Amino acid sequence: MHFTSSLVALVAATGASFVSAANMTVMVAANGQLQFTPNTVTAAAGDFVVFQFEASGHSATQTSFQAPCTALSGGVNSGFSSVTSATLPTFSYAVKDTNPVWFMCSQVGHCAAGMVFAINPNSTETFAAFQAAATGGSTPSAASTTASAVDCGSTPASSAAGGGYGYAVCSTGTTSTSASTPTSGARDSKVASVGLSILALGLGLTAATLH
């Protein structure tokens, strides 16, 4: 009793406090929907995210911001759920820090349908960009490092970079190609110039011979 009273007094005197870790429940495939509910949480180190599976055949598989639908090497994976009774299976993930952590459902087609989840997304790596990449949108990137492309199908090569010689990056949808040969117009112009020079030289030689 004396020990307990002393401990209470010590805590009160120092202002010490004890904060318990939070358990954050995330429902997987609730009401048959291909989604995590909620699809993002903000958690502190020591918290637990508890995935509660509402239907069979789903998973909580760790992935990455850059490759949303590819399982992260060395990452956690719940495996596919099997709901056979009134007790819903769960899978817990211990949050290590406040950095973003990304998840998907690895069932065929589910990630591409937008079934993804994030812990601590931020203003640089947003959940919207992550989900857009999963569903076939642009690859997420904090800052673009790709040079502007020239649409070779609609922009004449003479007006593109390279001063008419075709040295431009040509956009072809998902891939880029580099044109490195002179355009036909530029080649024809050079051939005509050489031809005129030879003709002028020949006329000069003929005139000299006649004199």
Side-chain angles (χ1 to χ4, degrees), residues 19-149 151 169 171-177:
V19 179
S20 61
N23 287 336
M24 304 179 179
T25 300
V26 176
M27 294 183 292
V28 183
N31 301 316
Q33 300 298 308
L34 297 184
Q35 62 187 29
F36 293 84
T37 307
N39 54 22
T40 69
V41 296
T42 300
D47 289 347
F48 287 87
V49 175
V50 181
F51 296 96
Q52 179 174 292
F53 295 93
E54 306 282 327
S56 298
H58 298 280
S59 76
T61 304
Q62 190 174 359
T63 180
S64 67
F65 181 72
Q66 293 296 337
C69 295
T70 301
L72 181 67
S73 177
V76 301
N77 189 350
S78 68
F80 290 116
S81 58
S82 178
V83 180
T84 58
S85 66
T87 301
L88 299 175
T90 61
F91 175 77
S92 296
Y93 174 79
V95 179
K96 299 177 179 63
D97 50 42
T98 57
N99 292 323
V101 185
W102 312 94
F103 285 87
M104 66 160 174
C105 175
S106 60
Q107 185 61 264
V108 176
H110 289 193
C111 179
M115 194 173 183
V116 292
F117 169 79
I119 302 171
N120 297 330
N122 55 40
S123 58
T124 301
E125 296 180 345
T126 67
F127 178 77
F130 175 66
Q131 189 175 50
T135 57
S138 60
T139 302
S141 176
S144 176
T145 57
T146 305
S148 297
D151 183 355
V169 178
S171 176
T172 58
T174 57
T175 60
S176 294
T177 58

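Only a predicted model underlies this, so the values are computations on that prediction, with no experimental measurement involved. Throughout, numbering of the chain's residues begins at 1 and tracks the sequence.
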- Taking atom CD of Gln33 and atom CE of Met27, what is their separation to the nearest 0.5 Å? 11.5 Å

- Under 3.5 Å, side chain of Asn39 to main-chain N/O of Val116, donor-acceptor pair present? no

- Could you label the plane-to-plane angle of the Trp102 and Phe65 rings as parallel, tilted or perpendicular, counting under 30° as parallel and over 60° as perpendicular? tilted

- Item | Distance, nearest 0.5 Å, that separates CE of Met115 from CZ of Phe103 | 13.0 Å

Under 3.5 Å, which donor-acceptor pairs link side chains of residues 55-63 to any protein atom two or more places apart or in another chain?
from, atom 1, to, atom 2, distance (Å)
Ser56, OG, Val83, N, 2.7
His58, ND1, His110, ND1, 3.4
Ser59, OG, Thr61, OG1, 2.8
Ser59, OG, Ser106, N, 2.9
Ser59, OG, Ser106, OG, 2.8
Thr61, OG1, Asn77, OD1, 3.0
Thr61, OG1, Ser106, OG, 3.3
Gln62, OE1, Val76, N, 3.1
Thr63, OG1, Ala67, O, 2.6
Thr63, OG1, Pro68, O, 2.9
Thr63, OG1, Thr70, O, 2.8

- Query: Does any non-hydrogen side-chain atom of Thr126 lie less than 4.5 Å from one of Pro121?
  - Reply: no

- Item | Distance-minimising heavy-atom pair for Thr42 and Met24 | O-CE, 3.1 Å

- Check against side chain to side chain contact (heavy atoms under 4.5 Å, CB included), Val49 and Phe117: CA-CA 11 Å; Val49 175; Phe117 169 79; 4.1 Å; yes

- Can you see which heavy atom on Asn120 is nearest to which on Ala43, and at what distance? OD1-N, 2.8 Å

- Query: What's the shortest heavy-atom distance between Ser64 and Phe130, and which atoms?
  - Reply: O-CE1, 3.4 Å

- Return yes when atom CZ of Phe80 has more than 12 non-hydrogen atoms of other residues, nucleotides or ligands closer than 6.0 Å, and no otherwise. yes

- Closest approach of Thr135 to Ala113 (non-hydrogen atoms, all atoms of both residues): CG2-C, 4.0 Å

- Message: Could you work out, with ring pair (Phe, Tyr, Trp, His ring centres under 6.0 Å) as the rule, every residue matching Phe53, not counting sequence neighbours?
- Response: none

- Verify the neighbour count for atom CG of Asn31: are there more than 12 heavy atoms of other residues, nucleotides or ligands below 6.0 Å? no

- Query: SG to SG, are Cys69 and Cys111 under 2.5 angstrom apart?
  - Reply: yes

- Kindly give the heavy-atom pair with the smallest separation between Pro38 and Val26, and that separation in Å. O-CG1, 3.5 Å

- Pro100 and Glu125: which non-hydrogen atoms are nearest, and at how many Å? CG-OE1, 3.8 Å

